[in-house]
Amino acid sequence: MANISITLPDNSSRELQEGATVYDLAASIGAGLAKAALAGKINGQLVDLSSRLTDGDSVEIVTEKSPEALDIIRHSTSHLMAQAVKELFPQAKVTIGPAIETGFYYDFDVEKPFTPEDLERIEAKMLVLASSDQKIERHEYSSADAISMFEAIGEPYKIELINDLGVERVSVYSQGTFADLCRGPHLPSTGRIKAFKLLSIAGAYWRGNEKNRMLQRIYGTAFIDKKELEAYLNRLEEAKRRDHRKIGKELDLFSFSDEVGAGFPIWHPKGAMLRMVLEDFERKEHLKRDYDIVVGPQILKSELWQRSGHYENYRDNMYFTEVDEQSYGIKPMNCLSHMMIYKSQLRSYRDLPLRFFELGTVHRHERAGVLHGLMRVRCFTQDDAHILCTPEQLDAEIKGVISFVNDVMTIFGFEYEMELSTRPEKSIGSDSDWEQATEALLSALKDSGRPYEINAGDGAFYGPKIDIKLRDCLDRRWQCATIQCDFTLPERFDLTYVASDGERKRPIMVHRVILGSIERFIGVLIEHFAGSFPLWISPVQAIVVTVTDNQIPYAQDVYRQLRNAGIRVERDVRNEKLSFKIREAQLQKIPYMLVIGDKEVEQGTVTPRYRDGKNLQAMKPEEFIEFVTQECKTFK
RNA sequence: GCCGUUGUGGCUCAGGGGUAGAGCAGCUCACUCGUAAUGAGCAGGUCGUCGGUUCGAUUCCGACCAACGGCUCCA
């Protein structure tokens with residue numbers, strides 16, 4: 001029999017008999033590797049261990065340590081789940097079941113939705129199937145054969161998928177009596193699946209289209225071993241503990257009320273204080289960067305929204321009101337009044353760029369099912385600005401915004417990623433406008449030296465945009481900042497400036513937010529810090545705590561001094577045990593507890609206890625004021 | 001908007017066809033006690049809303065509202 005030559009990742013080569021598989025290659029290298037092998041990579045393409053090699057292939061063995069391992073394990077686990085579901089619910093129709101970032105899911109078409117008890121049964125069945133270590137085999141068929149096969153076993157969704165694929169041949173993976181259309185690759189046998197858990201049941205539309213039938217999706221996750229699975233499940237628990245809705249209630253920051261309406265947060269004193277600190281910070285930072293602060297009204301005539309195109313494209317998300325037979329739209333965006341400010345006088349190229357900043361509160365009628373704590377609400381305040389500039393200035397302005405975002409995210413300690421979104425199907429504006437705007441954003445992204453991704457077709461209807469997603473301490477991503485180019489609104493509103501040659505020219509408008517919305521950003525902050533905010537943004541920075549009633553007059557005096565100095569301080573002079581008061585302040589995550597007993601009264605000091613349990617040296621109240629002031633200056 | 005789950009005093013939750021219970025918080029009293037819960041007593045709910053079934057519903061059924069997990073959508 002002829003020999004073939006295979007190249008390994010270290011560039012060494014190996015001779016094998018013709019017809020050898022990836023597994024044979026692993027076995028020829030060593031028994032240990034053969035045992036650890038999960039899949040292979042031939043010429044960069046992920047394949048099964050059973051794949052045959054041909055002469056000249058370069059091959060890599062995928063083991064648990066390979067970055068691709070997790071996806072393969074999860075994908076095979078989703079098949080295992082489908083197998084279990086088919087055994088328990090033979091009438092269920094299988095659809096698709098991919099690996100995702102945090103695990104996997106599989107969508108089924110069933111008459112009756114799954115119950116939590118079903119989930120337990122399915123998981124138990126999966127354990128049995130895994131321990132029986134069934135071989136997972138790949139077979140190739142012509143599309144026509146595959147279709148008749150799936151017709152015979154009554155799987156219409158698979159037939160639809162094959163028809164849409166429009167290819168000659170398809171692959172089918174089988175394990176036991178279960179067979180599924182799939183590109184693969186998969187683990188060699190079900191016994192290789194060692195650590196998984198089914199997590200939740202949800203409705204999901206076939207092919208993600210809400211006009212299609214709703215399927216039942218089961219989410220699960222799988223890891224290389226039990227230890228990693230446990231670590232992940234612990235992280236889920238930690239995320240639950242940090243949930244901003246829970247902490248928001250515990251720290252008395254905000255609430256929602258049926259009587260007020262869904263999606264309308266009510267800001268309690270401490271939450272409002274947190275907002276105020278952020279808003280003051282933003283005003284200062286914007287003034288530093290030559291923005292002008294402006295203010296527009298909450299409602300504007302409907303005719304204006306018609307002119308802007310919002311009425312046409314965004315009406316379903318808007319609230320309207322009518323007074324004296326005049327219809328008004330409650331603003332879902334702040335751009336219109338900013339444009340009217342621009343239009344209020346004749347502008348020269350010497351005036352540009354103009355940067356109008358507004359902490360603009362907007363209302364958007366989001367669909368009922370999408371609301372989520374502070375992350376998705378119907379009334380929120382954007383740190384919104386519109387930059388009007390010449391085409392020549394666009395590049396520098398966008399770069400300026402990106403550096404602004406970077407400065408702010410560094411202060412809060414967030415990592416972030418950038419994405420460019422291009423023209424969507426439903427849009428206004430000419431092709432050339434879109435090209436020019438997209439080009440400007442792209443060049444700024446390239447110049448930033450940071451990695452970025454491209455989301456084709458995900459732009460706003462009036463222009464392309466850069467979205468900035470920050471990562472919190474649990475590695476979750478949140479859309480906050482966005483920079484949107486707009487060639488359309490200046491056109492619609494006939495915005496002009498007089499250029500150096502005396503000609504009237506059209507400015508470009510850039511819509512941008514840094515934090516995004518104060519509401520969402522606070523939600524992210526709460527979860528990131530688990531409610532233990534840095535001193536500079538803590539709504540309550542310190543609390544004066546007395547040991548007994550004897551110290552009340554002095555404690556009041558200290559409280560007054562701190563208040564007058566602008567420290568956000570509270571006092572707890574209740575007739576309670578010190579340990580009880582410390583406990584309450586601790587649960588409120590107040591950075592400093594200023595303990596006052598007889599000793600402090602005598603010496604005219606306070607003893608600050610940080611919320612991590614450590615005491616600072618006893619110090620004079622004015623020293624504490626100085627200390628807090630300095631810390632806040634450096635955003636600690 | 002769609003699928004599923006849930007909805008009991010301020011909070012966390014138990015209960016269940018015959019007109020409601022705990023802990024915490026609140027209030028009162030006693031204790032004046034130095035770094036995560038002092039003790040005793042009191043008070044507090046038309047069991048999300050509106051209909052239906054029933055001699056009788058908070059408990060069963062339906063609609064609506066809201067929250068939660070997703071889908072779709074988005075700052």
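The pair A/Asp107-A/Arg213 fails the salt-bridge criterion, with no side-chain N (NZ, NE, NH1 or NH2) lying under 4.0 Å from an Asp/Glu carboxylate O. Look at A/Glu527 and A/Arg520 and you find no salt bridge, because none of the NZ, NE, NH1 or NH2 atoms lies under 4.0 Å from a carboxylate O. Ion pairing between a basic and an acidic side chain is recognised when a charged N comes within 4.0 Å of a carboxylate O; A/Arg355 and A/Glu397 show such pairing. With salt bridges taken as basic N to acidic carboxylate O contacts below 4.0 Å, one links A/Lys331 and A/Glu358. Using a 4.0 Å cut-off between a side-chain N of Lys or Arg and a carboxylate O of Asp or Glu, A/Asp316 and A/Arg364 do not qualify as a salt bridge.
Distance noted for atom P between B/G52 and B/A66: 23 Å (whole Å). Atom P of B/G16 sits at a distance of 47 Å from the matching atom of B/A75, rounded to the whole Å. Separation of the P atoms belonging to B/G9 and B/A14 is 13 Å when rounded to the nearest angstrom. Taking atom P in both B/C24 and B/C60, the straight-line distance is 30 Å, to the nearest Å. Comparing the same atom, C1', in B/U19 and in B/G4 gives a spacing of 33 Å after rounding to whole Å. A gap of 38 Å separates the P atoms of B/G70 and B/A20, to the nearest Å. Taking atom C1' on both nucleotides, B/U58 is separated from B/U53 by 16 Å, rounded to a whole Å. For the C1' atoms, the distance linking B/A36 with B/C68 amounts to 31 Å, nearest Å.
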Extract from the structure each pairing of a protein N or O with an N or O of nucleotides 7-12 of chain B at less than 3.5 Å, listing the distance.
| from | atom 1 | to | atom 2 | distance (Å) |
| --- | --- | --- | --- | --- |
| B/U12 | OP1 | A/Lys249 | NZ | 3.3 |

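Within the model, atoms CG of A/Leu278 and CD1 of A/Ile522 stand 5.0 Å from one another, a figure rounded to the nearest 0.5 Å.
Proximity of residues 91-99 of chain A to RNA chain B (heavy atom under 4.0 angstrom from any strand atom) is not detected for any residue. Residues of residues 524-531 of chain A that place a heavy atom closer than 4.0 Å to RNA chain B do not occur.
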Sequence neighbours excluded and cut-off under 3.5 Å, please list the side-chain donor-acceptor pairs for residues 580-587 of chain A, or say none.
| from | atom 1 | to | atom 2 | distance (Å) |
| --- | --- | --- | --- | --- |
| A/Lys581 | NZ | A/Thr546 | O | 3.0 |
| A/Lys581 | NZ | A/Thr546 | OG1 | 3.0 |
| A/Lys581 | NZ | A/Asp572 | O | 3.3 |
| A/Lys581 | NZ | A/Arg574 | O | 2.7 |
| A/Glu584 | OE1 | A/Arg574 | NH2 | 2.7 |
| A/Gln586 | OE1 | A/Arg609 | NH1 | 2.6 |
| A/Gln586 | NE2 | A/Arg611 | O | 2.4 |

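Pairing of B/A40, defined by two Watson-Crick or G-U wobble distances under 3.5 Å, is identified with B/U28. Pairing for B/G45 is absent, with no Watson-Crick or G-U wobble pair whose two atom distances lie under 3.5 Å. Under the Watson-Crick or G-U wobble criterion, with both distances below 3.5 Å, B/C50 is paired with B/G62. Remark: B/G21 base-pairs with B/C13; criterion is Watson-Crick or G-U wobble with both hydrogen-bond distances under 3.5 Å. Pairing for B/C73 is absent, with no Watson-Crick or G-U wobble pair whose two atom distances lie under 3.5 Å.
Figure legend: cation-pi geometry between A/Arg315 and A/Tyr311, with NZ or CZ positioned under 6.0 Å from the six-membered ring centre and within 45° of its axis.
By the side-chain contact (heavy atoms from CB on, under 4.5 Å) test, A/Asp252 pairs with A/His268, sequence neighbours left out. In this view, A/His528 and A/Phe414 satisfy the ring pair (Phe, Tyr, Trp, His ring centres under 6.0 Å) rule, not counting sequence neighbours. Every residue meeting the side-chain contact (heavy atoms from CB on, under 4.5 Å) condition with A/Lys246, not counting sequence neighbours, appears here in chain and number order: A/Asp243, A/Glu250. Every residue was checked against the side chain to side chain donor-acceptor pair (under 3.5 Å) condition with A/Lys197, not counting sequence neighbours, and none meets it. With sequence neighbours left out, the ring pair (Phe, Tyr, Trp, His ring centres under 6.0 Å) criterion links A/Phe89 to A/Phe114.
Identified under the ring pair (Phe, Tyr, Trp, His ring centres under 6.0 Å) test for residues 583-604 of chain A, with sequence neighbours left out: A/Tyr592-A/Tyr610, A/Tyr592-A/Phe624, A/Tyr592-A/Phe627.
Side-chain N or O atoms of A/Asp486 include one that pairs as donor or acceptor with a backbone N or O of A/Leu489 at under 3.5 Å. No donor-acceptor pair under 3.5 Å is formed between the side chain of A/Arg74 and the backbone N or O of A/Ala99.
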Base versus backbone protein contacts along nucleotides 24-38 of chain B [heavy-atom cut-off under 4.0 Å; B, S, -]: -S-----BBBBBBBB

Protein-to-nucleotide contact annotation, 5' to 3' order, nucleotides 68-75 of chain B [B base; S sugar-phosphate only; - none; under 4.0 Å, heavy atom]: SBBBBBBB

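Under the 30°/60° scheme for interplanar angles, the aromatic rings of A/Phe264 and A/His363 are found to be tilted.
Between A/Phe114 and A/Ala368, the residue anchored nearer the 5' end of RNA chain B, judged by the nucleotide with its closest heavy atom, is A/Ala368.
As rounded to whole Å, 11 Å separates atom C1' of B/U5 from atom CD of A/Glu117.
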